[in-house]
Amino acid sequence: MKVQKFSISDAKLVKSPGQDAEIYVGNLVDEKNGGPVTIGYGRYAPGQSLTETMAVDDTMIVLEGRLSVSTSGGTVTAGPGDIVYMPKGQSVTITTEGEGATTAYVTYPHWAEAHQS
């Protein structure tokens, strides 16, 4: 792989697999590129909620808007510039209010492969 730069306009956002919520993801680097991580962007519409047990380690950077991530241990709310780490095996609920949120993410290993397992 070579050094690359991305912007959200490079991402082809599609509905997050297996979700009913208005949540969209767009991988820019993933298993198809031969690297060890998946890198992409996410867009959450206002008033959405997603609950899942993390199949991979996921680092999410909030670029716009606000979201909350709840676990059995409590809730963190994140806004622009904040980073949320969600470890593999953790059950989380991600919710948006107001204008929704735009995020960037890095997962290890590749989340799409883990969802197919």
Side-chain angles (χ1 to χ4, degrees):
M1 292 197 59
K2 61 181 179 168
V3 171
Q4 298 176 65
K5 174 185 123 5
F6 301 104
S7 66
I8 195 158
S9 62
D10 298 321
K12 293 175 180 41
L13 295 172
V14 297
K15 193 148 189 178
S16 183
Q19 303 299 325
D20 292 330
E22 293 296 313
I23 299 170
Y24 300 88
V25 294
N27 291 351
L28 295 163
V29 172
D30 58 22
E31 62 277 5
K32 299 174 198 102
N33 305 104
V37 298
T38 296
I39 300 169
Y41 289 100
R43 183 163 289 145
Y44 296 74
Q48 300 303 298
S49 182
L50 160 68
T51 299
E52 72 175 83
T53 299
M54 302 307 296
V56 297
D57 287 295
D58 189 333
T59 304
M60 179 171 55
I61 303 100
V62 179
L63 304 173
E64 298 175 339
R66 298 188 79 67
L67 53 77
S68 295
V69 180
S70 301
T71 68
S72 60
T75 299
V76 296
T77 300
D82 292 335
I83 299 171
V84 179
Y85 170 64
M86 297 169 285
K88 181 178 180 178
Q90 180 73 61
S91 178
V92 302
T93 299
I94 302 170
T95 56
T96 58
E97 296 178 9
E99 72 273 21
T102 300
T103 65
Y105 56 82
V106 178
T107 73
Y108 178 83
H110 303 291
W111 70 263
E113 288 181 337
H115 270 267
Q116 294 170 359
S117 303

Please table the atom pairs, donor to acceptor, closer than 3.5 Å between any side-chain atom in residues 79-95 and protein atoms at least two apart or in another chain.
unit_1, atom_1, unit_2, atom_2, d
D82, OD2, G79, N, 2.8
Y85, OH, D57, OD1, 2.5
T93, OG1, T51, OG1, 2.9

Using distance only, find each side-chain donor-acceptor pair of residues 69-78 under 3.5 Å and give its atom names and separation, not counting sequence neighbours.
unit_1, atom_1, unit_2, atom_2, d
S70, OG, T75, OG1, 2.8
T71, OG1, G73, N, 3.0
T71, OG1, G74, O, 3.4
T77, OG1, S68, OG, 3.1

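Once rounded to the nearest 0.5 Å, the distance linking OG of S49 with CG of D20 reads 11.5 Å. To the nearest 0.5 angstrom, Q48 atom CD is 10.5 Å from Q19 atom CD. To the nearest 0.5 Å, atoms CG (L50) and CD (E52) are separated by 5.0 Å. Between T38 atom OG1 and Y108 atom OH the span is 11.0 Å, to the nearest 0.5 Å. Distance check, rounded to the nearest 0.5 Å: NZ of K32 to NE2 of H110 gives 10.0 Å.
The heavy-atom pair separating V25 from P17 by the smallest distance is CG2-CD, 4.3 Å. Contact detail for A11 and G26: the closest heavy-atom pair is CB-O, 4.0 Å. Contact detail for T96 and A45: the closest heavy-atom pair is OG1-O, 2.6 Å.
Within a 6.0 Å sphere centred on CD of Q4, heavy atoms belonging to other residues, nucleotides or ligands number more than 12. More than 12 non-hydrogen atoms from other residues, nucleotides or ligands lie less than 6.0 angstrom from CZ of F6.
When hydrophobic clusters are built by joining Ile, Leu, Val, Met, Phe, Trp and Tyr residues whose side-chain heavy atoms come closer than 4.5 Å, directly or via intermediates, I39 is grouped together with L13. Y44 and V62 fall within a single hydrophobic cluster, where Ile, Leu, Val, Met, Phe, Trp and Tyr side chains are chained together by heavy-atom contacts under 4.5 Å. Linking ILVMFWY side-chain heavy atoms closer than 4.5 Å, directly or via other members, places V37 and M54 in two distinct hydrophobic clusters. No continuous path of hydrophobic side-chain contacts links M60 to L28 [ILVMFWY only; heavy atoms under 4.5 Å].
A salt bridge links E22 with K15: the closest approach of a Lys/Arg side-chain nitrogen to an acidic carboxylate oxygen falls below 4.0 angstrom.
Defined by atom type and a distance below 3.5 Å, a donor-acceptor pair is present between the side-chain atoms of N27 and W111.
Residues T59 and Y105 fail the side-chain proximity criterion, which asks for heavy atoms closer than 4.5 Å.
For K12, there are no salt bridge (charged side-chain N to carboxylate O under 4.0 Å, His left out) partners two or more places apart in sequence or in a different chain.
Paired with T103 under the rule side-chain contact (heavy atoms from CB on, under 4.5 Å), one option of I61, L63, L67 passes, and it is L67.
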